[in-house]
Amino acid sequence: MNERRKKSIKTLHIVLVVYVILFAFWWTHLLLSKNSEVYDTKIELLKAEQQINGEYNEDRFKGTSLYLEIIEKKDRQQNMIFAEGVVFFMLLTFGMWYVYRSFRQEIRLAQQQRNFLLSITHELKSPIASIRLILDTFKKRVLKPEQTQKLARNGISEAERLHALVNNLLLAARLDSGMSVTLADIELKSFLMKIVNQLQDKYPSAIINFRADAYIPSIRADENAMTSIALNLLENAIKYSPNDCEIDIAVRNQQNAVSIEIADKGIGIPDNEKAKIFDKFYRVGSEDTRKTKGTGLGLYIVKSLLKVHKGSITVKNNYPQGTIFKVQLPITK
């Protein structure tokens with residue numbers, strides 16, 4: 001949706017809101033006026049009737065039971081009209097706010113999906129193009145052994161990147177449709193150490209510091225899901241940090257839960273975007289982030305998988321620079 005169309009819809013919405021509010025006030029005022037006229041007419045008729053019968057007395061008239069009954073009904077009717085007007089106005093205000101909020105959410109979702117399609121197109125084309133170039137090179141040229149090894153390593157790396165991307169897409173689709181998991185006891189310390197070693201080989205320039213309490217109890221979780229959680233968080237920490245970055249992982253035993261803190265010294269996340277980063281397709285809107293490869297699915301997958309495992313994730317600033325993600329998972333009973 002282009003900016004001109006969004007501006008036109010917003011203007012139309014404002015005009016409609018103002019019109020409906022004025023319309024509501026006008027009808028409330030009209031009903032109150034008509035109600036007063038009706039009961040004032042009844043009082044005049046009662047007064048005329050007493051005058052005809054020769055019973056009218058100005059001082060005693062306003063103390064008669066019939067007059068007081070008419071005044072009571074008039075006040076009751078006015079209060080009812082006023083209360084209905086207030087309720088109508090409140091419901092109308094809530095309805096318009098809800099429609100406007102839904103409209104804004106639809107626009108934001110459409111923009112995020114558009115950004116996702118652009119990102120995923122690039123993410124898919126890039127490794128495919130690299131693998132194709134490597135295969136063409138093998139086909140057309142006779143290479144030295146060291147060149148063959150280098151190209152083979154690059155090809156495997158691009159294939160793994162493509163595999164991880166497809167896995168994330170499939171995992172996000174499974175989560176949307178209601179994913180079932182296979183639970184098993186996992187020794188978290190050795191499990192995370194294995195992943196850290198894999199990433200250290202993949203990112204040799206990164207410095208990954210791993211600390212854990214002496215005793216970390218087992219957790220009951222799906223191994224593939226836990227692998228996805230750990231890889232997404234750790235690769236994000238590396239991806240959004242400068243070269244030769246330092247990543248700190250701390251695993252702690254906290255009574256009924258195990259906590260995992262992953263701290264980086266990267267570009268950080270603005271406070272006003274911390275609540276949005278776990279939304280599907282959402283990417284932080286800074287230029288540093290836009291230049292980094294990604295689809296906006298990683299943190300959505302992490303939070304969704306943790307929800308399946310009755311765990312939680314929070315994010316805070318790492319002073320003086322960077323971000324800390326804290327995961328909590330229930331301990332196996």
Side-chain angles (χ1 to χ4, degrees), residues 123-124 126-128 130-131 134 149-172 174-175 181-213 216-252 258-266 292-295 297-306 308-309 311 313 318 322-329:
E123 290 287 301
L124 287 170
S126 181
I128 290 173
S130 296
I131 293 170
I134 290 169
Q149 290 294 324
K150 183 178 179 180
L151 285 176
R153 283 196 300 271
N154 290 341
I156 292 171
S157 176
E158 293 296 331
E160 287 177 348
R161 176 181 157 195
L162 187 60
H163 182 257
L165 179 61
V166 172
N167 275 348
N168 272 351
L169 291 172
L170 293 174
L171 189 51
R174 288 174 61 199
L175 286 166
V181 293
T182 304
L183 301 180
D185 289 339
I186 296 178
E187 295 293 337
L188 197 56
K189 191 186 296 187
S190 58
F191 175 81
L192 289 174
M193 277 298 300
K194 182 180 178 181
I195 292 177
V196 167
N197 291 333
Q198 291 175 359
L199 289 175
Q200 196 69 78
D201 293 337
K202 185 176 180 180
Y203 302 100
S205 63
I207 302 169
I208 305 177
N209 302 316
F210 183 86
R211 301 191 312 276
D213 288 348
I216 300 295
S218 298
I219 61 168
R220 192 157 183 80
D222 183 284
E223 187 170 343
N224 291 330
M226 287 303 302
T227 300
S228 181
I229 291 169
L231 285 176
N232 272 304
L233 289 175
L234 287 169
E235 290 199 315
N236 267 4
I238 295 169
K239 189 191 303 183
Y240 295 114
S241 297
N243 293 332
D244 302 325
C245 58
E246 192 168 346
I247 310 297
D248 294 318
I249 305 171
V251 186
R252 298 186 178 92
V258 173
S259 74
I260 306 167
E261 286 193 1
I262 298 174
D264 64 60
K265 297 179 176 63
T292 308
K293 296 173 183 177
T295 60
L297 286 175
L299 291 176
Y300 165 77
I301 288 172
V302 168
K303 186 167 185 177
S304 299
L305 288 174
L306 285 169
V308 172
H309 287 81
I313 183 169
N318 184 23
T323 305
I324 300 175
F325 283 93
K326 182 176 180 179
V327 170
Q328 286 193 297
L329 289 159

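No experiment lies behind these values; they were computed from the predicted model shown.
- Salt bridge annotation for Asp213-Lys189: absent, with no cationic side-chain nitrogen under 4.0 angstrom from a carboxylate oxygen.
- Between Met226 and Ile219, some side-chain heavy-atom pair lies under the 4.5 Å cut-off.
- Summarising the geometry, atom CD1 belonging to Ile131 is positioned 5.5 Å from atom CG belonging to Leu162; distances are rounded to the nearest 0.5 Å.
- With rounding to the nearest 0.5 angstrom, the CD1 atom of Ile216 is 14.0 Å from the CD1 atom of Ile186.
- Summarising the geometry of Leu329 relative to Gly311, their closest heavy-atom pair is CD2-CA, 4.4 Å, with the distance given to 0.1 Å.
- Leu234 has its side chain within reach of Ile249: a pair of non-hydrogen atoms, C-beta onward, lies under 4.5 Å apart.
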Practice task
Give the intermediate values and the outcome of side chain to side chain contact (heavy atoms under 4.5 Å, CB included) for residues Leu183 and His309.
Solution key: CA-CA 9 Å; Leu183 301 180; His309 287 81; 4.1 Å; yes
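- Here the closest non-hydrogen pair linking Thr227 and Ile195 is CA-CD1, 4.1 Å.
- Residue Ile313 holds its CD1 atom at 12.0 Å from NZ of Lys326, rounded to the nearest 0.5 Å.
- Separation of atoms CD (Gln328) and CZ (Arg252) is listed at 11.0 Å; rounding is to 0.5 Å.
- Residues Lys265 and Pro242 share a closest heavy-atom pair of O-CD, 3.9 Å.
- Side-chain atoms of Asn318 come within 3.5 Å of backbone N or O of Asp264 as a donor-acceptor pair.
- Atom CD1 of Ile260 and atom CG of Leu192 lie 5.0 Å apart (nearest 0.5 Å).
- Interatomic distance, CD1 of Ile247 versus CG of Asn236, reported as 10.0 Å (0.5 Å rounding).
- Take Ser228 and apply the side-chain hydrogen bond (donor to acceptor under 3.5 Å, both in side chains) test, not counting sequence neighbours, and it matches Asn232.
- Listed here is the closest heavy atom pair of Ala212 and Phe210: CB-CE2, 4.0 Å.
- Residue pairs meeting the side-chain hydrogen bond (donor to acceptor under 3.5 Å, both in side chains) criterion with at least one member in residues 195-208, sequence neighbours excluded, are Lys202-Glu235, Tyr203-Glu235.
- Among residue pairs with one or both ends in residues 190-199, none qualify as salt bridge (charged side-chain N to carboxylate O under 4.0 Å, His left out); sequence neighbours excluded.
- For the pair Ile238 and Ile208, the minimum side-chain heavy-atom distance is below 4.5 Å.
- For the pair Phe325/Leu299, a side-chain contact is recorded, criterion being any heavy-atom separation below 4.5 Å from C-beta on.
- Side-chain contact between Leu199 and Leu231 is present, with heavy atoms from C-beta onward closer than 4.5 Å.
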